[in-house]
Structure formats: C-alpha cells, structure tokens
Engineer: 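To start, I am sharing the structure in question, which I have written as structure tokens.
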Number of protein chains: 2
Amino acid sequence: MVVDQLTSTEADRIFHALADATRRDILVQTGPGSEQSVSALARRYPISVTAVQKHVGVLQDAGLVTKARRGREQIVRIDTQALHTARLLLDQLEGLWRARMAQFGQVLGEQTKGDL
Amino acid sequence: MVVDQLTSTEADRIFHALADATRRDILVQTGPGSEQSVSALARRYPISVTAVQKHVGVLQDAGLVTKARRGREQIVRIDTQALHTARLLLDQLEGLWRARMAQFGQVLGEQTKGDL
DNA sequence: TTGATCTACAACCATTTGGTTGCACGTTAG
DNA sequence: CTAACGTGCAACCAAATGGTTGTAGATCAA
C-alpha cells in the first residue's frame, strides 16, 4: 500500500481542499444534520456567493462534499468517507516513520503512539 | 477548544504543505533514520535544487521539518509532532460531526456558532 | 404574472505557487 | 591553493488561487 506518491492526485486535492479556513468551516457547517444550501452558506461569510460556489466546487472535486438539487437550491452535504481517506494518508506517513524507527532501533522521547 | 479558529493559519500551512506530492515524498524520505541534505533530496526529483529548497522551506514554515547545518550541508529532519497536529485537526472535524449527529432531531435553525 | 431567490458561468484582476536561471559565498576534497 | 560542492538569494515567468462583477436561466412566493 504505502503512499501512492505518483497517483497522489487525489491526496493533492484533498489536502489542498483542507488548506483553507473557509473550506474547513464549510465542512463543519455542512456536517451531519446540518446540510445547507450554497446561498445559506454564503450568508455566513463576508464573501460573495460565487466565491462560496468555488469553494464548494473545490471540496466537491476532492470528494469531501456532494451537492444535491432541491428545488432552486443546491444542498451541500459532506462525505465523511473522503475525510477518512485523508486521515489514512497521514496515518500511512506516520506508519512509515514508525516502521523506520523500529528498524533503526531508535527511541524518541515522545509517544506518538497510535491513539487512533 | 475545538478548532483553533483564527490560529488556523497553522492549519493552513500544514495542509498546504501536505498538498503537494513532492513535499509529501520529502517527508517520507527524511523520516526517522534517513535524514538527508537538501542536495541529496534534489537528486531524487527531476527539479532544480532551488525548487527543492523552496519545498523544504514550505515544510519548515508548516513546522513539519527542521533544518540543521552539518558542514556545508543542510540536513532535513522530520518533526513528527506537527504531523500529529494535522491528524488532530482531522480528528476534530470528525469529532464535530459525531457530536452533531448525537444531537439529532435537535434544534437545527440556529448557528452552530463559535467556529471560524 | 411579477418579482425575488438561487444557481451557473464568463470575464477579469491581484496575489501566490512552483518552477527556472544566474551569481555569490562558505566548506570540503585533492 | 584551487576546484568542486552545497547553499542562499534575487529576478523572472507561467499557471493556479481566491476573489470580484455582470449576465442569464430556473424556481418559488404572492
């Protein structure tokens, strides 16, 4: 398995999507039980509706949210699966390091133990 | 508590740093027991040394690696702590969603206030 | 029907990103 | 000492980002 390095375009998109405070907040706001329309989201931020549309588009390309039309509204809902994927990528990195540490028999003072 | 909100500039930097395949690979290559110089890293990729320097700089700004001079070389070493922080951020997001699901059927009309 | 909403999309703009080359400077090897 | 190596930095460039305004098409409320 390891890290996909080359075909990591998905990882690129996921991490890039998470690298913006507004987008991370959209993920929070559209969590389970509080799906919202694009315009409803836009009212929360000091930016234009179009800007929010673009943010949602980025999240969508990363697979972090889905859009579903409801009348004239477009409801944004998160896809928890993709975020899980993101965490798996981080776990893989840490896993690699731990494996390498084990090989070298090195001991670090910290317990980055798998609390997941 | 919860998401670091405004201090999220750190989150911005961490996720942005992770949003590039070359940088993620640098993290893998400089893992525990295999610290490498910038030029040694540069030989691994089809890009210039300067480009690698910049990538390392981005990782450094995110707190993901540290540089230590050794003679004429600059040794890049990972800081596992920062990556742990990144995973915590993801955990917080998932945690928020779970909390929200727990409040199912509750009052949905108001702002979840607090974040951003 | 009419008007207000919500979304979509094009065009535009400033800034950032990721890359390059060239040059200077300290360090190490012969 | 001299030459090669590793790094730092400035200047430059193309493309991507994140934002804007404007226009247009659906859909809903009255």
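Chain A is the first sequence line, chain B the second, and so forth, proteins listed ahead of strands; every chain is numbered from 1. Worth knowing before you read on, the calculation uses all heavy atoms, side chains too, and leaves out hydrogens, waters and symmetry mates.
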Engineer: Just how far is it from atom CG of Asp12(B) to atom CG of Leu18(A), taken to the nearest 0.5 Å?
Structural biologist: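 Going from CG on Asp12(B) over to CG on Leu18(A), the span is 10.5 Å.
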Engineer: So, taking the atom named NZ in Lys54(B) and the one named OG in Ser48(B), what distance separates them when rounded to the nearest 0.5 Å?
Structural biologist: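 With rounding to 0.5 Å, NZ (Lys54(B)) is 8.0 Å from OG (Ser48(B)).
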Engineer: Quick one: pull up OG1 in Thr30(B) and CG in Leu41(B) and give me the separation to the nearest 0.5 Å.
Structural biologist: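 Answer for the OG1-CG pair, Thr30(B) versus Leu41(B), is 6.5 Å.
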Engineer: Do other residues, nucleotides or ligands put more than 12 heavy atoms under 6.0 Å from the CZ atom of Arg70(B)?
Structural biologist: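 At most 12 heavy atoms, drawn from other residues, nucleotides or ligands, come within 6.0 Å of this atom.
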Engineer: Step by step, would you call Phe15(A) with Arg23(B) a side-chain contact (heavy atoms from CB on, under 4.5 Å)?
Structural biologist: CA-CA 12 Å; Phe15(A) 286 124; Arg23(B) 286 195 290 264; over 6 Å; no
Engineer: Please work out which residues in residues 47-54 of chain B have a non-hydrogen atom less than 4.0 Å from an atom of DNA chain C and list them by number.
Structural biologist: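 Residues of residues 47-54 of chain B under 4.0 Å from DNA chain C: Ile47(B), Ser48(B), Thr50(B), Ala51(B), Lys54(B).
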Engineer: To the nearest 0.5 angstrom, please state how far the OG atom of Ser37(A) sits from the CZ atom of Arg72(A).
Structural biologist: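 So the OG of Ser37(A) and the CZ of Arg72(A) are separated by 10.0 Å.
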Engineer: Rounded to whole angstrom units, what separation is found between the NE2 atom of His16(B) and the P atom of dT15(C)?
Structural biologist: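 It works out to 18 Å between those atoms.
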Engineer: Kindly compute the distance separating OG1 (Thr22(B)) from CG (Leu59(B)), expressed to the nearest 0.5 Å.
Structural biologist: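 Between Thr22(B) OG1 and Leu59(B) CG, I get 10.0 Å after rounding to 0.5 Å.
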Engineer: Would you mind classifying the nucleic acid contact of Arg23(B) as base, sugar-phosphate or nothing, using non-hydrogen atoms under 4.0 angstrom?
Structural biologist: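 Sugar-phosphate contact only.
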Engineer: Would a distance-only check, ignoring hydrogens and angles, find a side-chain to backbone donor-acceptor pair under 3.5 Å from Gln29(B) to Gln36(B)?
Structural biologist: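 It does not hold such a pair.
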Engineer: Mark yes or no for whether Arg77(B), through its side chain, and Glu35(B), through its backbone, hold a donor-acceptor pair below 3.5 Å.
Structural biologist: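 Pair absent, no side-chain N/O of Arg77(B) close to backbone of Glu35(B).
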Engineer: Go through DNA chain D in 5' to 3' direction and return only the first and the last nucleotide with some atom under 4.0 Å of chain B's heavy atoms.
Structural biologist: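 Boundary nucleotides touching chain B, in 5' to 3' order, are dA4(D) to dA11(D).
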Engineer: To the nearest 0.5 Å, tell me how far Ile26(A) CD1 sits from Leu64(A) CG.
Structural biologist: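 Separation between the atoms: 11.0 Å.
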Engineer: His55(A) NE2 to dT7(C) P: how many Å, rounded?
Structural biologist: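 The distance from NE2 of His55(A) to P of dT7(C) comes to 16 Å, rounded to the nearest Å.
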Engineer: Give me, pair by pair, the N or O atoms of the protein and of nucleotides 23-27 of chain C that are less than 3.5 Å apart, along with how far apart they are.
Structural biologist:
| unit_1 | atom_1 | unit_2 | atom_2 | d |
| --- | --- | --- | --- | --- |
| dT27(C) | O2 | Arg72(B) | NH1 | 3.4 |

Engineer: Rounded to whole Å, how long is the line connecting atom CZ of Phe15(A) with atom P of dT17(C)?
Structural biologist: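 Distance check: Phe15(A) CZ to dT17(C) P gives 18 Å.
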